[in-house]
Structures are given as C-alpha cells and as structure tokens.
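Each remark here refers to the structure printed beneath this line.
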Amino acid sequence: MIRAYSKSPIPSRSFHFYTHILHSSNSLSPDNYTFTFLVRTCSQLHAHVTGFVRPRRSHKARFEHDPHVQTGLVYMYAEMGCLSSCHGVFGGVVEPDLVSQTAMLHACAKCGDVDSARKMFDEMPERDHVAWNAMVVGYAQCGRSREALDVFHLMQMEGVKLNEVSMVLVLSACTHLGALDQGRWAHAYVERNKVRMTVTLGTALVDMYAKCGNIDRAMEVFWGMMERNVYTWRSAIGGLAMSGFGEESLDLFYAMKQEGVRPNGVTFIFVLKGCSVVGLVEEGQKHFDSMRNCLWD
C-alpha cells in the first residue's frame, strides 16, 4: 500500500500506512523498501524526509546506509534542488552501482551542474537509458541545445531509446536552433519508435515546425492530433500569424473558441498579429477589448 500510494496522485497517504506499521500490535517493522517508497513520497511532496517520516533511531541505524534508501534520498534532494545534500548522501554510498550513479548524474543535471553530470556520464563503465535521458534533459534545460542534440545523435548510434520527456526537449532544442532538418529527424524517430504521442509532444512538434518555417507540416501535425490543449492551439495560431497567414490564424482562433478552449494572453498576441497581417484594424480592436475582458474576469 505504501508503494502504491507513493506513485499515486495522493502520495501523502503512504504516511498513514507507515504510521500503522509503527503502532501495529503485531510487531511489524519497516524494511529498506518501506523507506525507499517513503522517500519517493517525500520527493513528490518536495518534503524533507526527516520532517515527515521521522524514523525511529533503531530503524535509522539499520537503513541509513542501505543503497536503495540512499539512492532514493539522492533523487529526493534533487527534486528539492539541494545538490550539496545529494553529494553528501552519494558520498556515503560504499559501492556505487549503476542505479546510484545514475541517480547522482540525474541530480547534477537537474540542478544545473551539467558539466559535472557529463563528467560522471563519461566515466560510467555502463549507462542505462535513464542516464542518457538525464543528459539530454540537463543540456536542454540549461539552454545548451547543440549539446542536447549531440547526445540525441549518440543515443541513436548506441540504439538507446528516448522517453517522451526527452523527445519534447530535443524538439525544443531544434526549435531554439532553428534546426528544421534535425527536427524532421526527431519527428521520424518518434514515428519509427512509436513514442507515445501525448498532447505535450504533439504541441512541441507543432511549435517546432511552425517556428522553423514549415507551417504546412505544423498544421498536418495539429489536425492529426487526437487531443489538443490551449498551448497546442496557441502554437498553431501563432505559427500561421507569423508565417503571414492572418486570415487562417483568425479562423483557427474562432475554431478554438467553438471547441470551448479559453485563450490565454499569448494567444491574443498572435491573434492581434494575424489582424495586423491582413490590415483588420477594427477586428484587432475588437479582439483587444475581448482580451482585456477575458484576462481580467
């Protein structure tokens, strides 16, 4: 139950069952997996483990040097942005294995120390897909788009698969560099490897094609999506407006409203751009007034 709730939308329920263990009349005791899942819960809640778990002294002595618990703590402190604490815990791991090394690499990348992450990555005797994905994410989040794409190409050469989060960031790197050819390559990778097309991934594809100058392909992806959110519509409307298709961007804006999707501020900016492209001054004024009413309701 603790494990199930640690992965659920209400992870705090894990502590309810942990308390039951501590006060059980059947002499139940937590084991290393108990604390591993409680640490995962803390990561989800961005909570300090000692503030919520409060392990008994005897339990702490038994499990504080358990590699599963230590690895979980590294991940937890990474989620909290406490890289120094990650180093402190990792330094206490007697024999770091692939999982604990990957956890520390992930921590460095997530906390912005991508150079240290790359040094660890290069020195690892073996790497799993988690380590590779962590490097892509780390480079992309630090704005080092070219290096993110370099790792992406290395992954393909090594036959390592990217997950959906990494693919979104690869596409973001292509967008940032205006690298349409590499964006097409990334899209082909998604289709070839049957990466799950989430709303976020589809939106990233629409945004990449639109900003890299291939608005026709952007709209193909847009209309092919089974589900769209306000960011998907915004990317398509903005792409049409910035490509000089003012009337088409306005038509899409009206279609979005008919779908019941509430526009945000950036959407209105692109709508105004669409109006300016085709010289619709009065139409632009109408949308400007609508924007003020919509955003300040």
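Nothing fancy with the numbering, it's 1 onward along the sequence.
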same_hphob_cluster(Leu154, Leu162) at 4.5 Å side-chain heavy-atom cutoff:
yes

Distance, nearest 0.5 Å, that separates OG of Ser116 from CG of Leu83:
7.5 Å

Between Ile237 and Met256, is any pair of side-chain heavy atoms under 4.5 Å apart?
yes

Hydrophobic cluster membership, Leu240 vs Tyr231, 4.5 Å side-chain cutoff:
yes

Mind running side-chain contact (heavy atoms from CB on, under 4.5 Å) on Arg262 and Val230 for me, showing each step along the way?
CA-CA 7 Å; Arg262 183 182 176 90; Val230 64; over 6 Å; no

Hydrophobic clustering (ILVMFWY, side-chain heavy atoms < 4.5 Å, transitive) - are Met226 and Val195 grouped together?
no

Kindly give the heavy-atom pair with the smallest separation between Lys161 and His129, and that separation in Å.
O-CB, 4.0 Å

Are Leu169 and Phe152 grouped together when hydrophobic residues (ILVMFWY) are joined by side-chain heavy atoms under 4.5 angstrom apart?
no

Side-chain heavy-atom pair Thr232, Met225 within 4.5 angstrom cut-off:
yes

Would Phe253 and Trp233 satisfy ring pair (Phe, Tyr, Trp, His ring centres under 6.0 Å), going step by step from the backbone distance to the final call?
CA-CA 8 Å; Phe253 176 66; Trp233 288 91; 9.6 Å; no

Nearest-0.5 Å distance that lies between atom CZ in Phe90 and atom SG in Cys108:
8.5 Å

Spacing of Ser235 atom OG and Arg228 atom CZ [to the nearest 0.5 Å]
12.5 Å

Residues, nucleotides or ligands: over 12 heavy atoms within 6.0 Å of Arg196 CZ:
no

Same cluster (ILVMFWY, side-chain, under 4.5 Å), Val151 and Val137
no

Between Asp122 and Arg118, is there a side-chain N and carboxylate O pair less than 4.0 Å apart?
yes

Donor-acceptor pair, side chain of Asn133 and main chain of Asn163, under 3.5 angstrom
yes

Ion pair Lys211/Asp207, N-O distance below 4.0 Å
yes

With a 4.5 Å heavy-atom cut-off, do Leu105 and Met135 have their side chains touching?
yes

For a quick test of reading the model, state the closest non-hydrogen atom pair linking Ala103 to Val74 and the distance between them.
O-CG1, 3.5 Å

Note: Leu201 and Thr198 closest approach over all heavy atoms is N-OG1, 3.1 Å

Roughly how far, to the nearest 0.5 Å, is the NZ atom of Lys119 from the CE atom of Met124?
13.0 Å

Show, in sequence, the C-alpha distance, side-chain angles and deciding distance for Val221 and His187, and conclude whether the side-chain contact (heavy atoms from CB on, under 4.5 Å) test is met.
CA-CA 10 Å; Val221 174; His187 190 184; 3.8 Å; yes

Heavy-atom check, side chain of Leu252 versus side chain of Phe222, under 4.5 Å
yes

Pick from Leu171, Asp216, Thr175, Asn214: which one makes a side chain to side chain contact (heavy atoms under 4.5 Å, CB included) with Tyr209?
Asn214

Please report the interatomic distance CE(Met208) to CG(Leu177), rounded to the nearest 0.5 Å.
12.0 Å

Heavy-atom pair with the smallest gap, counting every atom of Val206 and Ala236:
CG1-N, 4.0 Å

Can you tell whether the side chains of Arg144 and Asp115 come within less than 4.0 Å, N to carboxylate O?
yes

Side chains of Trp185 and Gln156: any donor to acceptor distance under 3.5 Å?
yes

Scanning both residues in full, the closest heavy-atom pair of Met104 with Cys86 reads SD-O, 3.7 Å

Straight-line distance of Cys212 SG to His176 NE2, nearest 0.5 Å:
11.5 Å

Nearest heavy-atom pair of Gln182 and Leu149: which atoms, and what distance?
OE1-CD1, 3.4 Å

